[in-house]
Number of protein chains: 2
Amino acid sequence: MQIRNTKSKDEVLRILSQSDYALSHTEIENQCAVAFDRVTLYRILTGFEQQGVVHKIVGNDGKARYATCKNECTDHEHHKDNHLHFGCNDCGKMYCFDNKTIELKMPKGFKAQQFNYAVFGTCPDCNQ
Amino acid sequence: MQIRNTKSKDEVLRILSQSDYALSHTEIENQCAVAFDRVTLYRILTGFEQQGVVHKIVGNDGKARYATCKNECTDHEHHKDNHLHFGCNDCGKMYCFDNKTIELKMPKGFKAQQFNYAVFGTCPDCNQ
DNA sequence: TTTATCAATGCAACAATGTTGCATTTAAAT
DNA sequence: ATTTAAATGCAACATTGTTGCATTGATAAA
Ligand SMILES: [Mn+2]
Ligand SMILES: [Mn+2]
Ligand SMILES: [Zn+2]
Ligand SMILES: [Zn+2]
């Protein structure tokens, strides 16, 4: 036994799966039908992240946002989520560009483990 | 009259200029010879950022770090600081790779204004 | 089904980061 | 020297995230 299914985790995963952009803790809480503690959400998301179910993107505001991982993961290698993100300065939405992968060779001696590629500006909806 | 020179600002700029990596608020405070309020530092750094004197990088920890801008800026166009950064998970240092510029065409409708390109892992010093 | 185990949760308490309002200080133009 | 408003100090606050510990509950085993 390692990981257990719970209503809270189901609900969080449901919300993230149905969203077409990355969600912050607050945004997830607001969309939750089931009610549970704030700390629980932190632990759920951290857990999901470690399992490779979701990935985290940090915006210019320093706030974490989470999105489900679309790319395939093997048991031996979780995908790296080294793709581009776009945060709208107007509406606050953080988009995942899953197909816009960024492959960079690190300078000698630097070993890459996580990626946080984000651009900020205005999204199409806010560009009228 | 727009911007005034002060000891605080001189000190912050001195510290940032002499550092070979980006510094967080706390790191700057610790290196400060002159003493001034925490809020003042926030305002100084925000001001520098708007003037294009420094740029901000946000790490996986959600904390802002600042580094002087090495590339040239014109009055009409501040440089974009669209270069790669590397944050060490061990020692916490955030490096600027000023020559590793990332030029990406945004998807239609998205207008880019700020950039936050960061990779995390272990730096050469911590790779023993 | 019942029992045992420990992952998951709730709650309180806390730390860190960042923001705002307002009175005071002070750089620098006049 | 006088004037102006940029810069600062201080208090108060909001938000985000973390930790410890008792309790609950999912699930494997009896
Ligand atoms: Mn993504
Ligand atoms: Mn940089
Ligand atoms: Zn938008
Ligand atoms: Zn290091």
Side-chain angles (χ1 to χ4, degrees), chain A residues 1-16 22-67 87 89 92 94 114 116 118 120, chain B residues 1-16 22-67 87 89 92 94 114 116 118 120:
Chain A
M1 189 192 330
Q2 283 263 22
I3 288 171
R4 295 176 184 174
N5 294 327
T6 66
K7 292 172 191 169
S8 317
K9 288 162 80 175
D10 283 350
E11 176 71 355
V12 172
L13 202 54
R14 182 189 65 81
I15 293 171
L16 287 180
L23 298 175
S24 66
H25 283 264
T26 316
E27 287 171 322
I28 296 174
E29 280 176 23
N30 293 340
Q31 293 190 31
C32 262
V34 193
F36 49 88
D37 197 81
R38 200 169 59 91
V39 179
T40 299
L41 180 54
Y42 276 92
R43 295 196 261 230
I44 288 176
L45 289 171
T46 307
F48 281 168
E49 195 188 2
Q50 287 166 353
Q51 299 166 40
V53 176
V54 304
H55 64 281
K56 178 173 82 167
I57 316 108
V58 179
N60 261 351
D61 55 5
K63 292 167 192 168
R65 286 154 190 273
Y66 294 85
N89 290 329
M94 173 79 79
Q114 298 94 33
N116 199 91
F120 301 89
Chain B
M1 186 192 331
Q2 283 264 23
I3 288 170
R4 296 175 181 176
N5 294 326
T6 66
K7 292 172 191 170
S8 318
K9 288 162 78 176
D10 284 349
E11 176 72 354
V12 172
L13 203 52
R14 181 189 66 79
I15 292 171
L16 287 180
L23 299 175
S24 66
H25 283 264
T26 316
E27 287 170 323
I28 296 174
E29 280 176 22
N30 293 340
Q31 293 188 31
C32 262
V34 193
F36 50 87
D37 196 80
R38 201 169 58 92
V39 179
T40 300
L41 180 55
Y42 275 93
R43 295 197 261 232
I44 287 175
L45 288 172
T46 306
F48 280 168
E49 194 189 3
Q50 287 167 353
Q51 300 167 40
V53 177
V54 304
H55 63 281
K56 179 172 83 167
I57 316 108
V58 179
N60 262 350
D61 56 4
K63 292 167 193 167
R65 287 153 189 273
Y66 294 86
N89 290 328
M94 173 78 80
Q114 298 95 33
N116 198 88
F120 301 89

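Values below: all heavy atoms of this structure, side chains included; hydrogens, waters and symmetry mates excluded. In what follows, chains are A, B, ... by sequence order, proteins preceding strands, each numbered from 1.
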Legend entry - Value in whole Å for how far the C1' atom of D:dA7 lies from CD1 of B:Ile44: 8 Å
Inset, instruction - Rounded off to whole Å, could you give me the CG-to-P distance for the A:Leu13 and C:dA8 pair? - result: 14 Å
Inset, instruction - Assign each of B:Thr6 and A:Asn5 to its nearest nucleotide of DNA chain D by heavy atoms, then name whichever residue's nucleotide is nearer the 5' end. - result: B:Thr6
Inset, instruction - Specify the residues of residues 56-64 of chain A, ordered by number, for which at least one heavy atom lies under 4.0 angstrom from an atom of DNA chain D. - result: A:Lys63, A:Ala64
Legend entry - B:Asn30 CG - C:dA16 C1' separation (whole Å): 14 Å
Inset, instruction - Nearest whole angstrom, please: distance from the C1' of D:dT18 to the CD of A:Glu49. - result: 15 Å
Legend entry - Rounded interatomic separation in angstrom, taking CD1 from B:Ile3 and C1' from D:dT4: 16 Å
Inset, instruction - Mind calculating the distance between NE2 (B:His25) and C1' (C:dA15) to the nearest angstrom? - result: 17 Å
Inset, instruction - Measure the spacing between CD1 of B:Ile57 and CG of A:Asn60 and express it to the nearest 0.5 Å. - result: 10.5 Å
Inset, instruction - Not counting sequence neighbours, which residues clear side chain to side chain donor-acceptor pair (under 3.5 Å) with A:Glu11? List them please. - result: A:Arg14
Inset, instruction - Rounded to the nearest angstrom, tell me the gap between atom CD in B:Gln51 and atom P in D:dA6. - result: 13 Å
Legend entry - Heavy-atom closest contact (B:Gly62 atom, A:Val58 atom, distance): CA-CG1, 3.9 Å
Legend entry - Contact under 4.0 Å: B:Thr26 side-chain N or O vs C:dT17 OP1/OP2: yes
Inset, instruction - Supply the atom-to-atom distance A:Arg4 CZ to A:Lys9 NZ, rounded to the nearest 0.5 angstrom. - result: 9.5 Å
Legend entry - Matching residue for B:Val54 among B:Leu23, B:Leu16, B:Val12 - test: side chain to side chain contact (heavy atoms under 4.5 Å, CB included): B:Leu16
Inset, instruction - Note the angle between the end axes of the helix from C:dT1-D:dA30 to C:dT30-D:dA1, five pairs defining each, rounded to 10 degrees. - result: 30°
Inset, instruction - Give every residue pair that meets the salt bridge (Lys or Arg N to Asp or Glu O under 4.0 Å) criterion with at least one member in residues 23-32 of chain B, sequence neighbours excluded. - result: B:Glu27-B:Arg65
Can you list, pair by pair, the side-chain donor-acceptor contacts under 3.5 Å of residues 31-48 of chain A, counting residues two or more places apart and other chains?
from, atom 1, to, atom 2, distance (Å)
A:Asp37, OD2, A:Val39, N, 2.9
A:Thr46, OG1, A:Tyr42, O, 2.7

Inset, instruction - Identify the heavy atoms of B:Gly59 and B:Met94 that sit nearest to each other, and give their distance. - result: CA-CE, 3.9 Å
Inset, instruction - Could you tell me the separation between the NZ atom of B:Lys9 and the P atom of C:dT26, rounded to a whole number of Å? - result: 15 Å
Legend entry - Members of residues 33-43 of chain A that approach DNA chain C, where some heavy atom sits under 4.0 Å away: A:Phe36, A:Asp37, A:Val39, A:Thr40, A:Arg43
Legend entry - Qualifying residues under side-chain contact (heavy atoms from CB on, under 4.5 Å), relative to A:Asn89, sequence neighbours excluded: A:Phe120, B:Gln113, B:Gln114
